[in-house]
Amino acid sequence: MKPRDGGARELPARAGIGLRAPHVAEVLAERPPIAWLEVHAENYMGGGPAVRALELVRAHYPLSVHGVGLSLGSADGLDAGHLDRLRRLVDRLEPARVSEHLSWSTSGGAYLNHLLPLPLTPESLTTMVQHVDHAQERLGRQILIENPSSYLRFAHSTIPEPVFLAELARRTGCGVLCDVNNLYVSQKNIGLDPLRYLATLPQAVVGEIHLAGHAVNDADGHAVLIDDHGSPVANAVWRLYVQALQRFGPVPTAIEWDTNLPALDVLLGEAAEAERLLERVARGAHVCAA
């Protein structure tokens with residue numbers, strides 16, 4: 001089947017934020033001027049008051065649903081129960097986008113609370129193609145696949161990551177969620193070339209961008225960047241975001257913030273900066289980040 005692209009409301013090529021539980025009531029009460037909202041699927045699969053509140057939010061804002069638990073890269077196959085719960089949530093919310101990760105997190109029936117990297121080999125690509133096809137068929141729509149943050153390289157990886165994602169998109173019809181902070185983290189940790197990465201990804205497949213903060217840890221005198229979503233977007237990431245916009249054009253962009261969650265106004269301020277850059281790109285104006 002050909003996956004359909006989205007739900008009842010399209011996602012505008014503007015800036016949104018990741019909506020976390022402590023901010024839901026404030027968003028419903030104040031209805032801040034934000035273009036769209038993204039939520040983590042697993043936080044709402046249980047139903048109940050949380051998802052009913054989200055339905056009220058959806059009446060005022062387009063939604064994107066971002067999953068973290070499908071484990072698309074696992075050799076064990078997809079968890080049918082988890083996929084069915086995601087399908088029910090997607091059917092209920094009718095989000096404009098659904099996304100997941102180029103990663104694995106289950107093995108032998110055990111769930112590991114991390115988005116773990118996979119070797120980029122023809123065998124891994126075949127597994128990802130099969131699992132993305134299965135997920136899209138079950139959900140009845142296209143999904144976007146997010147590039148990971150990297151902390152090591154597999155010695156036997158043979159396919160560059162953007163080539164892997166481009167081929168995955170070609171074979172399955174999926175899209176790509178380009179996480180610019182992850183590109184920067186991978187640049188600093190393993191020497192990935194983010195500009196070559198952006199140039200390699202086909203323009204047409206990028207359906208969403210993520211921006212977030214990261215932490216800098218010391219590992220025996222070496223700085224290691226951690227994609228912790230716990231601080232403002234770094235200036236270097238803003239500059240790389242401008243490069244991404246110049247490559248792909250205006251793309252729906254979400255500010256993610258998951259740890260050390262600040263006041264809602266702080267997230268809205270970060271989104272306002274992304275919105276400023278998006279608007280300048282849309283007008284064809286010169287773009288300058290901090």
Side-chain angles (χ1 to χ4, degrees), residues 1-20 23-24 27-28 31-41 43-44 51 53-67 70 86-101 132 135-147 165 168-170 172-180 201-212 241 244-256 267-268 270-284:
M1 67 172 287
K2 177 179 173 57
R4 58 187 174 89
D5 291 325
R9 303 178 69 180
E10 287 301 309
L11 210 61
R14 297 181 58 193
I17 62 171
L19 179 63
R20 304 300 177 249
H23 293 150
V24 171
V27 166
L28 284 172
R31 294 188 197 170
I34 189 73
W36 59 279
L37 300 167
E38 183 169 86
V39 297
H40 283 166
N43 292 341
Y44 295 94
V51 75
L54 197 54
E55 287 178 308
L56 296 176
V57 170
R58 186 193 175 280
H60 304 288
Y61 300 96
L63 289 181
S64 179
V65 168
H66 190 49
L70 266 184
L86 180 59
R87 169 63 187 264
R88 288 193 293 271
L89 180 69
V90 166
D91 286 349
R92 185 169 179 176
L93 296 177
E94 292 192 296
R97 296 279 196 281
V98 177
S99 56
E100 251 287 350
H101 295 81
V132 170
Q136 291 185 142
E137 182 71 27
R138 186 72 186 96
L139 296 175
R141 62 163 64 215
Q142 182 195 52
I143 62 175
L144 308 181
I145 303 300
E146 179 181 333
N147 57 292
L165 283 168
L168 179 65
R170 187 188 71 81
T172 66
C174 75
V176 171
L177 193 167
C178 181
D179 190 308
V180 174
L201 280 179
Q203 291 174 294
V205 305
V206 177
E208 191 177 321
I209 288 175
H210 276 178
L211 298 170
Y241 176 55
L245 293 181
Q246 291 171 339
R247 165 66 176 154
F248 304 122
V251 177
T253 300
I255 303 294
E256 293 190 291
L267 273 74
L268 297 176
E270 293 282 279
E273 174 61 10
E275 185 85 357
R276 181 184 73 83
L277 298 172
L278 281 162
E279 287 176 353
R280 292 188 67 82
V281 168
R283 296 199 310 267

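- For the pair Y61 and V27, the minimum side-chain heavy-atom distance is below 4.5 Å.
- G207 approaches V251 most closely through the heavy-atom pair C-CG1, 3.7 Å.
- When side chains are defined from C-beta on, I17 counts as touching L37, because their heavy atoms get closer than 4.5 Å.
- Of the possible polar contacts, none joining the D179 side chain to the N147 backbone as a donor-acceptor pair under 3.5 Å is found.
- Salt bridge R276/E273: present, at least one basic N to carboxylate O contact under 4.0 Å.
- Taking 4.5 Å as the limit, every side-chain heavy atom of H210 sits out of range of all side-chain heavy atoms of V180.
- For the atom pair Y241 OH and T253 OG1, the distance stands at 3.0 Å (nearest 0.5 Å).
- R97 has no carboxylate O lying under 4.0 Å from a charged side-chain N of E38, or vice versa, which leaves the two without a salt bridge.
- Looking at heavy atoms from C-beta onward, P250 lies out of side-chain contact with L245 at the 4.5 angstrom threshold.
- Distance alone, capped at 3.5 Å, is enough to place a donor-acceptor pair between the Q203 side chain and the R247 backbone.
- A distance of 7.0 Å separates CG in L54 from CG in L19, rounded to the nearest 0.5 Å.
- Separation of atoms CG (L144) and CG (L165) is listed at 11.0 Å; rounding is to 0.5 Å.
- Note that the CZ atom of R58 and the CG atom of L93 stand 7.0 Å from one another [nearest 0.5 Å].
- When all heavy atoms are compared, the tightest approach of P202 to F248 is O-CE2, 4.2 Å.
- Remark: side-chain polar atoms of E275 are not paired, donor with acceptor, to backbone N or O of R14 under 3.5 angstrom.
- L268 and P32 make their closest contact through CD1-CB, 3.7 Å (heavy atoms, listed as atom of the first residue, atom of the second, distance).
- Taken from NE2 in H101 to CD1 in I143, the straight-line distance is 11.0 Å, to the nearest 0.5 Å.
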Quiz item: Yes or no on side-chain contact (heavy atoms from CB on, under 4.5 Å) for T172 and Q136, after CA distance, side-chain angles and deciding distance?
Solution: CA-CA 9 Å; T172 66; Q136 291 185 142; 4.1 Å; yes

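- Counted by atom type alone, E208 and S64 present one or more donor-acceptor pairs between their side chains at under 3.5 Å.
- A heavy-atom distance below 4.5 Å is not found between the side chains of R92 and R87.
- Here CG of L11 is found 9.0 Å from CG of L63. Values are rounded to the nearest 0.5 Å.
- Pairing each heavy atom of P62 with each of A35, the nearest pair is CD-O, 3.3 Å.
- Annotation: side chain of L267 is in contact with side chain of H23 (closest heavy-atom distance under 4.5 Å).
- Residue V90 comes nearest to P95 through the heavy atom pair O-CD, 3.5 Å, listed as atom of the first residue, atom of the second, then distance.
- Among all heavy-atom pairs drawn from C174 and A169, the shortest one is O-CB, 3.4 Å.
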